[in-house]
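Down below is the structure, laid out as structure tokens.
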Amino acid sequence: MSFFGFGQSAEVELVLSDAESRRRVEHKTEEGKKEKYFLFYDGETVSGRVILTLKHPNRRLEHQGIKVEFIGQIELYYDRGNHHEFVSLVKDLARPGEFTQSQIFDFEFTHVEKPYESYTGQNVKLRYFLRATVSRRLNDVVKEMDIVVHTLSTYPELNSSIKMEVGIEDCLHIEFEYNKSKYHLKDVIVGKIYFLLVRIKIKHMEIDIIKRETTGTGPNVYHENDTIAKYEIMDGAPVRGESIPIRLFLAGYELTPTMRDINKKFSVRYYLNLVLIDEEERRYFKQQCFALLSLMQLPVAMGRICPRRPLGSPPCPDHGEETFRKAA
Amino acid sequence: MAETIADTRRLISKPQNLNDAYGPPSNFLEIDVGNPQTVGVGRGRFTTYEIRVKTNLPIFKLKESTVRRRYSDFEWLRNELERESKVVVPPLPGKALLRQLPFRGDDGIFDDSFIEERKQALEQFINKVAGHPLAQNERCLHMFLQDESRTLPSG
């Protein structure tokens, strides 16, 4: 027990065993800042060490047990008291006792299931983290380390286009087409708008990407809509028979994969909103749901090429060649 | 490269018929409000405006029409539309009640500049309303614009 101040008498640090080689990715925090976190996929082992440093060596540190946890949880911002843990693993590192010097504890969570993608949204957050706890009588010493999980899906076998004729009877008939119904996060939406009947005075046309985050169930469902993109595709008045092309590159926008009813707590869906505006600022629109996926990333060997090596043969490290994985 | 380059070629579309491309557009609708005339004597006087419609929209029975309407007719139209349709109807220019009080320095509601101001605002109003696809389905709009035979019910 320390009589000097109220500071912690011990410091806890979490270090991953593959911290040097593991990739880090940017992820938005709740406040909107972008920070880097270690990236994990479903099924990967999470291993590392807990480093316990005594602030005053030679003074005893009494404790009620030391453990490390791997947690995956969903936090609803309006209900912070209740965290919904969908993954909860624990490893006891030390039984109650005391230490007189700093310690290092190794741990390994083997082949951890990480069923959902990390998500930080307007009303809900899904996060994964390691938590090391030194239990003590008055106040525990706790250290958390957030990680980010990405999900991957394979190219869908069926990816039909979306094609529809919509309009207002006798005033405006259009046929819109989008080349796919499932896009990946770096994809391009290719489509067209074909005018069948134009009896109103159109000024311009745009396409919006709307993100809808749905939280809650039953009577307490709450939808938060956010316009991620507004992209003008036509300026001026079209006439019958005209075709307006659409080419919208998704890589430029902050998008997440479509998330359907995650753990029955929330969903994230995306919509394409086609909007026509006439000369009196009246808006005519058609909203269409589409799916966003993060696709299996194909590893590719890339590196310095030995000029003497024939194409197609394995790389030769003796000539200074390297191969490393580059995920897109 | 780690990804195949996305195919961003345009989707195939039908070539446009030249008549559609160079012919007159199907959305022609022009309404002019002009030629104000004050009729009647003394306190029964009122001003009428000529409403001239030129259009090729099939929803209008007449491709060209001219009628005379007064301010209270516009009020009638606005009230009908608000009541019968889901359209958000734009506001009319003011009723100018103050101008109707006696002992004014000017001609009150028969003042030239006032009539001109009101005429322009009424023209903006009627164009905005007549171009609305939902308002075009309302009987009252067609009665107002093209039915010369009847005077409209007073408010």
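What you are looking at is a predicted structure, and each value in this text was computed from that prediction instead of being measured. Residue numbers begin at 1 in each chain, while the letters A, B, ... track the order of the sequences.
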Original post:
Does one side chain, of A:His150 or A:Ser118, offer a donor that lies under 3.5 Å from an acceptor on the other?
Top reply: no

**OP:** Return yes if some donor-acceptor pair links the side-chain N/O of A:Glu175 with the main-chain N/O of A:Ile193 below 3.5 Å, else return no.
**Re:** no

Subject >> Top contributor to chain A interface from B:Asn137, B:Thr8, B:Asp7 [non-hydrogen pairs under 4.5 Å] >> reply: B:Thr8

Original post:
So does A:Arg240 pair up with B:Asp20, basic N to acidic O under 4.0 Å?
Top reply: yes

Original post:
Should A:Thr258 and A:Tyr270 count as side-chain neighbours, where that means a heavy-atom distance under 4.5 Å?
Top reply: yes

Subject >> chain B contact via A:Ile168 - side chain, backbone, both or neither, heavy atoms under 4.5 Å >> reply: side chain

Original post:
Which of the residues B:Asn17, B:Ile59, B:Leu29 is involved in the greatest number of heavy-atom pairs with chain A at under 4.5 angstrom?
Top reply: B:Leu29

Original post:
For B:Ile12, is it the side chain, the backbone, both, or neither that has a heavy atom closer than 4.5 Å to a heavy atom of chain A?
Top reply: backbone

Subject >> Side chain / backbone / both / neither for A:Glu177 at chain B, heavy atoms under 4.5 Å >> reply: both

**OP:** Mind ranking A:Lys201, A:Arg282, A:Glu280 by heavy-atom pairs under 4.5 Å with chain B and telling me who comes out on top?
**Re:** A:Arg282

Subject >> Among B:Arg70, B:Lys95, B:Arg69, the one residue meeting salt bridge (Lys or Arg N to Asp or Glu O under 4.0 Å) with B:Glu75 >> reply: B:Lys95

